[in-house]
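Take a look at the structure set out below.
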Number of protein chains: 2
Amino acid sequence: MNQFTSPAQPLKRIAESTVRRLSIYLRFLEEFEGRGRATVSSDELARRGGTTSAQVRKDLSVFGSFGKRGLGYSVPELATSLREILGLGREWKVVIIGAGKIGAALAQYHGFRERGFVIVAAYDTNPEKIGGTLEGIAIRDMQSFESDVTRENPDIAVLTIPMHSAQEVLDRVARAGIKAVLNFAPAQLHAPMDMAVKTVNMAMELEGLTFALTNAH
Amino acid sequence: MNQFTSPAQPLKRIAESTVRRLSIYLRFLEEFEGRGRATVSSDELARRGGTTSAQVRKDLSVFGSFGKRGLGYSVPELATSLREILGLGREWKVVIIGAGKIGAALAQYHGFRERGFVIVAAYDTNPEKIGGTLEGIAIRDMQSFESDVTRENPDIAVLTIPMHSAQEVLDRVARAGIKAVLNFAPAQLHAPMDMAVKTVNMAMELEGLTFALTNAH
DNA sequence: GCTAGCTTGTGAATCAATTCACAAGCCCTG
DNA sequence: CAGGGCTTGTGAATTGATTCACAAGCTAGC
């Protein structure tokens with residue numbers, strides 16, 4: 001295998017940590033691409049990404065063989081392969097549920113559109129918000145959610161809603177057939193197995209910090 | 001040991017995953033506290049938290065012995081112990097660096113003050129923002145950062161700044177003596193070992209989702 | 001076209017985290 | 001106050017992730 005030959009199926013379950021690191025490598029590759037650099041070694045990717053060269057090579061080896069011995073990796077080729085592996089070769093339709101401050105921050109986040117994520121709508125239940133816009137994106141009534149999803153088929157739902165309604169909304173999202181959710185509510189959500197849910201929990205991150213501060217040396 | 005008898009020192013390095021789960025358990029305990037529930041079993045905590053009862057017991061056993069055999073854990077006692085372990089028994093002073101939309105969303109985030117985090121100031125380099133307020137918090141000139149830190153001794157810095165300046169600002173934060181950072185810039189930061197840095201990287205989370213969608217069965 | 005110098009790809013070894021499984025304890029009932 | 005029913009705490013076993021270490025392969029220089 002000299003190229004990423006889209007393996008028939010997930011040969012083995014791929015570790016989440018591996019995927020996260022691929023994201024990191026891709027970030028550096030894009031930086032190098034911008035500077036017109038031709039090749040990069042596993043060792044350099046490792047130093048930048050805070051890991052080891054063996055780890056970089058193991059991570060990549062799960063998906064194929066991308067390098068040339070003695071030389072390293074072609075920056076544009078590896079970047080293209082990683083984008084393909086990570087599913088960034090296409091556009092993804094995103095809906096934001098919850099038109100609050102976090103929703104607004106996300107809606108205007110530049111990195112979103114840059115990477116092929118298109119926010120098609122925002123939803124809320126507050127009549128004062130419905131009909132307005134969130135950073136230029138129409139805020140719709142949550143009541144029309146199911147029929148909108150049927151029509152527009154968004155790929156990803158971003159939940160920026162209060163904790164107490166999070167599970168209920170997730171269930172609705174699941175029933176509507178959306179298979180990926182990015183959750184900002186500080187709640188542990190239970191979803192069907194065929195769904196991908198990532199939770200960003202600020203309280204948890206902060207507590208990781210206070211734990212470290214409290215138990216320092 | 002029948003109580004959390006604050007162990008002399010971190011006996012062994014404690015896994016980050018353990019600390020994250022303690023956070024989750026605490027969230028459920030607080031919910032139970034609110035409902036006046038007296039006890040809870042490792043099995044119930046596990047089911048709610050999406051893990052196993054053995055895992056719950058192992059996690060807790062790192063810090064002491066909190067339960068009663070045959071009965072389970074006292075909800076208020078375990079909650080108190082976990083708050084103590086996680087360092088939530090005191091107030092923490094937080095500064096936000098970068099008075100943009102994400103900074104604003106964080107500044108108004110309720111969960112912050114509720115858990116003992118007090119935002120003492122926001123910083124920016126944009127003259128149009130300096131002197132204004134971010135959700136009621138004064139926006140100061142980044143130039144006064146070092147002298148302010150010397151005077152006020154904040155515990156935690158939250159970075160909501162563009163990627164390209166993130167490492168530079170982190171270095172400044174480190175030199176100023178702050179030992180904990182919550183980073184929202186999509187950058188891999190390198191910090192001195194005695195600092196705790198948590199990065200929340202939305203791009204990475206989204207790519208975890210698109211990977212899952214792309215490689216779904 | 002041969003040699004020196006790198007760097008990959010990958011089994012094997014190590015290190016870390018999770019799960020198993022069960023003795024030890026506690027509570028309640030009668 | 002003895003027995004049954006639960007549930008904890010924890011070594012041992014297992015599973016998973018990372019690191020080691022080296023043969024294989026490529027490039028460049030001569």
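Keep in mind that this is a model prediction, so the values were computed, not measured.
- OP1 or OP2 of dT18(D) has at least one side-chain nitrogen or oxygen of Arg21(A) nearer than 4.0 Å.
- Taking atom CZ on Arg20(B) and atom P on dT18(C), their separation rounds to 12 Å, with Å as the unit.
- The closest side-chain heavy-atom distance from Glu31(B) to Met163(A) is not below 4.5 Å.
- As a whole-Å value, the separation of Arg13(A) CZ from dG16(D) P is 8 Å.
- When the nearest nucleotides of DNA chain C are assigned to Lys58(A) and Gly70(A) by heavy-atom distance, the more 5′-ward of the two goes with Gly70(A).
- Between dT19(D) and Thr52(A), a contact under 4.0 Å exists linking OP1 or OP2 to a side-chain N or O.
- If you measure from atom NZ of Lys68(A) to atom P of dA28(D), you get 11 Å, rounded to the nearest angstrom.
- Counting heavy atoms from C-beta on, the side chains of Leu26(B) and Leu86(B) come closer than 4.5 Å.
- One finds the CZ atom of Arg48(A) at 12.0 Å from the CD atom of Gln188(B) (value rounded to the nearest 0.5 Å).
- Here dG16(D) presents its C1' atom at 14 Å from CD of Glu16(A), a figure rounded to the nearest Å.
- The phosphate of dG9(D) (OP1 or OP2) has a side-chain N or O of Ser65(B) nearer than 4.0 angstrom.
- Per the geometry, CG belonging to Leu78(A) stands 16 Å off P belonging to dT7(C), to the nearest Å.
- Comparing Ala54(A) and Ser61(B) against DNA chain D, the residue whose closest nucleotide sits nearer the 5' end is Ser61(B).
- The phosphate of dG9(D) (OP1 or OP2) has a side-chain N or O of Tyr73(B) nearer than 4.0 angstrom.
- Applying side chain to side chain donor-acceptor pair (under 3.5 Å) to Glu207(A) and the options Arg27(B), Arg20(B), Arg83(B) leaves one that passes, Arg27(B).
- Annotation: of the two residues near DNA chain D, Ser17(A) and Leu71(A), the 5′-most nearest-nucleotide partner is Ser17(A).
- For Arg69(B), the side-chain atoms get nearest to dT7(D) when compared with the rest of dG9(C), dT18(C), dT7(D).
- Counting to the nearest Å, the P atom of dT8(D) and the CD atom of Glu44(B) are 11 Å from each other.
- For the pair Phe28(A)/Glu33(A), no side-chain contact is recorded, criterion being any heavy-atom separation below 4.5 Å from C-beta on.
- Counting to the nearest Å, the P atom of dA21(D) and the CG atom of Asp43(A) are 16 Å from each other.
- Side-chain N/O atoms of Gln55(A) include none lying less than 4.0 angstrom from OP1 or OP2 on dA17(D).
- If you take CG of Leu60(B) and C1' of dG9(D), they are 10 Å apart, rounded to a whole angstrom.
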